[in-house]
Amino acid sequence: MRRDLRLALLLLLSAALESNSMSPPGKPVLLGCRSPEKETFTCWWEPGPDGGLPTTHRLYYERERLEGIHECPDYQSAGKNSCFFDKNHTSIWVDYFLTVVAFNDLGNATSDPLKMDVMEIVKPDPPENVTLLVKDIEDSPHLHVGWQRPQNTDTESGWVTIKYKLRVKQENNKKWKEYMSGTQTHFSLYSVSPGVEYSVQVRCRLDHGFWSEWSNTSHVKIPDYLQDKRPFGILVSTLCVITFIATMCILVMKRKYLKKCFLPPVPGPKITGVDFTLLKSGPTEDAINSLNQNFPLMVAWKDQMEDYLIVTENDIGLEPHPFISQKRKNRSMFSSSGFCFHSEIQSQDSRLSLNEQEKAGKRNHEIQQFVKSNKSLSGTSLSNIEQTQQCSHKQQGTIINFGITEATQQSRSHHDNTVKPLTDSGYVDIRRHEENTEEVDVKTLQYSRVKEMNSDNTLILEKENVSRPGYMDVQRQENTEGYSRVKEVEGDSMIIVQKQILSSDTYYKETGLTGFSKVGVCAELDSGYVDTIPVTHLM
Amino acid sequence: MDRNLFAVLILVYLELSMRAGTSPVCPSGQAGCHVPSLADLFNRVIQQSSRVHAISSDLHSEFEQYFFPSKNFLGKGKCHTYGIMTPADKENAQRLGRDQLTEVILRLLGAWEDPLSQLYHSMSQDQNQDFNHYSSNKALEISDMVHELRDGVTKVAEKMKLLGVLGNYVGYTIPETLPPSSAFYFNKKGEVTSMDHLVLLYCFRRDSNKVKNYLRILKCTTLPVLDC
C-alpha cells in the first residue's frame, strides 16, 4: 500500500517536474539602440529562455553626468522587448550604460552591459513621398525624382543635416545604379530611354551617421515619344533608299557613256595607209604586201614631187594597165600613190565579190574624177601630190597593188566593165620622166612604138618620142584576137608580155583622142591579175 | 643674389599672409577686395568643422580596430574638457543663446589645440613603430585644422560683433581653469600608452561633433535662412 502510494507520489512528482521544467530565466541579450533624429532613441533586447515561468524584463541604465541607476522610462512605445527614451531622457555626447534583467519566480538574469553614445547610433527613417515625374524638355525626356525628408527630422534649426542618395533600375535589368543627391530633395535623371519602366528608391543619413533603409520602390514608365516620329522617319528613310537605288540604276545603265566621259579611250597608233584589221588576222601575204606597199609609198611620197601616174583610157581599146612611169633618175612610182585601189583585190586567186565590185565602181568613179581634174590642171606639179594625198585620205589603208601578174581567168568574168585587151603589137605608152623632175607635164608623155614582138611575150619598143596627150595606140595584130598584158618592162625598150587569151567578149573601145574616158583600168586591175612589183624590180 | 633674396622674401611674405585657412579678410573694405559675407564665413567654418570631425572619427576607429578589437570597451574615462559646460541636446543649445554658444565653441577649440599637437609628437616618437605614417600625418593635419578652425570662428565672432548680433565681450572672458592636458592624458612618467591615445581620440571625436552641431545652430539662429 505504501509502496503504491510512494510510487504514485513519485510518479506524480516526476510527471509534474517533467511537464513544467521551471528554471530561472535565461540571459537576455541587448541587441542595440537607434536614434532616428538625434533627439530620441530606442533600444531592443532579445529575451533568453524564459524557464517556463512568466518572465519580465527590465532595462536599467547609468549615464554619464547623471547619478544613480535608472530604469527605462517607456517600454511600450517602441514595441515588445524595447525601451524608448524620449527627449527628456535623451542626452547627446554622453555615455549610456544599459543592461536588461529578466525576472521570473525562480530567479533573474542580467544581460551584458552595452555602452552607447547617442551621437553614434543615429539612423534616420527613409525619405517619404517619393514622386516620379517624366518631364519632356525639347524632345528629350528626363525623369524628375522628388521626395520629402523624414517627418521627425529637424533641419530648420540646423540640428541635423540630411544627405540623400537614390538608386534607379530598369525593368529588365537587375542592377541598380546609385546617385548622390546631397541635401537636395529632388534629382533629375537624364539618361532615360523611352518605352522603358524604371524603379526608383531613395535613402538618407544624418551627418555622418548610418544610412537609412531604402524607401518603397516607385515605378514609372517613360512614354514612347518616337511613336509619333516613327512614320516620318520611315518616310524619310524610304525616300533616301529609293533615290539611292535610282541613282545606282542610272549609273549602271549609262556606264558606257560614263566610261567614255571619264575614261576616254587612249588613241592607238595609226599609220596612214596601213589597215590594222589586216594585221590583226595574222601575217598574211596581203598584209605584208600592203605594208611593203606603203612603206615605199611613204618614202616615195616625200621626194616624189614629180612622180605620178596617169591612168589613161586608150581610145582604141588599149591599155587596161596604167602606165608605169619610168624614172630616169630615181625610181618609178607606182600607181599606189596616184590610185586608190582596193586592197582586197590583189590576191592571186581571189574572186571578187560583189562588194568589191561595188567598191571598184566607186573607186572608178573617184579616180575618174580626179583624173579629169588632173587633166584640167595640166602643168601643175603639185596636183599629183594632192591627188596622192586625196587618195590616201579618201581611202585609208587601201593598198594598191598592181603590176603585172598572171591573171586568172575567173576573175575577169565578174566584170562587166570593159576590159581592154592588149594586143600583141601596137603601141605601149610608157611614160617617162623628164630631166626636170619638178614638174610632170601631161604633154610630155612619151610614147614608144612597139617595134616587134619576139617570142611570145616580149615586146620590143621603138625608141622614139612621141608626145601625145596620153593615150595609147595599140594596133591589133592580125592573128590574135585576144590581148596580152605587159608582164615586165626591161630597160628602155623591152616589154615582156604575158601570153594570155582572154575572153573575147571584152573589147577596147576606140574612143579617139579625146583623152580619158573611162578608167576601166581600175576595173581591170580589180580583176586581180596585178601583182605587186617593187620598184627596183622593174629597173 | 639680390634678386634671389628678393624673390625668397616675397614668397615668404605671401606664405605668411596666407597662413590662415580662410581667405584673408580685407581690412576696412578696400576697393577690389572681396569681403565675405557672414553667411560665407559660416559656411566655411561649418565645412571645416565637418572635416575635422570626419578625420577624428577615422583616427579613432583606426585606433580602436588596431588596438582594441572588442568594441564594447567599458572605460569610464573622462575627458579633460569635462569642466566645460556644454548643452547636451537641441533645446538646451537653443536656449543657451548666441553669446554663450559662441563662447562654448571657442573654449572647446582652445582646449584642444595643445593636446592634439602633443598627440602628434607622441605618435611620431613612438618607439614601437605602431603607428603608421598615415595615422601620424592625420594627427598633424588635425592639429593644423583645429587651429585654423579656431581662427575662423574668431573671425565669425568679430563679424557678428560688427553686425551687432553678438555681445562685445564674447571671447574675452577668463577661461575656466582646466587641468593641463599633458597630465590628463599622458601620465607623469612620460610614458604614453596606446590606451591614452585612444581615450584622447575618443574625447576629441565627441568634442568635434559638438563644435559642428553648435556652429550649425549658431548659424541658423543668427541668419534667417530658409534652407538651414
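Here is how names work: the chains are called A, B, and so on, in the same order as the sequence lines, proteins then strands, and each is numbered from 1.
Interface check for chain A: of the options B:Asn92, B:Ile217, B:Asp207, B:Asn213, the most heavy-atom pairs under 4.5 Å are formed by B:Asn213. No other option in B:His53, B:Glu91, B:Lys212, B:Lys210 has as many heavy-atom pairs under 4.5 Å with chain A as B:Lys210.
In this structure, OG on B:Ser57 lies 7.0 Å from NE2 on A:His208, to the nearest 0.5 angstrom. Atoms CG and CG, on B:Asn209 and A:Asp207 in that order, are 7.0 Å from each other to the nearest 0.5 Å.
Taking a cutoff of 4.0 Å between a charged side-chain nitrogen and a carboxylate oxygen, B:Arg205 and A:Glu120 qualify as a salt bridge.
Using a 4.5 Å cut-off on side-chain heavy atoms (C-beta onward), A:Asp95 and B:Arg206 make contact. Between A:Ser157 and B:Arg216 the shortest side-chain heavy-atom distance does not fall below 4.5 Å. Using a 4.5 Å heavy-atom threshold, the side chains of B:Asp89 and A:Lys87 count as separate.
A perpendicular orientation is assigned to the rings of A:Trp93 and B:Tyr214, their planes being inclined by more than 60° (bins at 30° and 60°).
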Note to self: B:Tyr82 vs A:Arg65, test: side chain to side chain contact (heavy atoms under 4.5 Å, CB included). Steps then yes/no.
What the structure shows: CA-CA 9 Å; B:Tyr82 190 82; A:Arg65 292 191 201 235; 3.5 Å; yes

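Crowding of A:Lys163 atom NZ: a count of heavy atoms from other residues, nucleotides or ligands under 6.0 Å not exceeding 12. No more than 12 heavy atoms of other residues, nucleotides or ligands lie within 6.0 Å of CG in A:Asn216, so this atom counts as exposed by the packing criterion. Within 6.0 Å of atom CD in A:Glu213, 12 or fewer heavy atoms from other residues, nucleotides or ligands are found, so the atom counts as exposed in its surroundings. Annotation: A:Gln151, atom CD; neighbour count of heavy atoms from other residues, nucleotides and ligands within 6.0 Å does not exceed 12.
For a residue to count as touching a neighbouring chain, one of its non-hydrogen atoms must lie under 4.5 Å from one of that chain's; by this rule A:Thr90 touches chain B with the backbone only.
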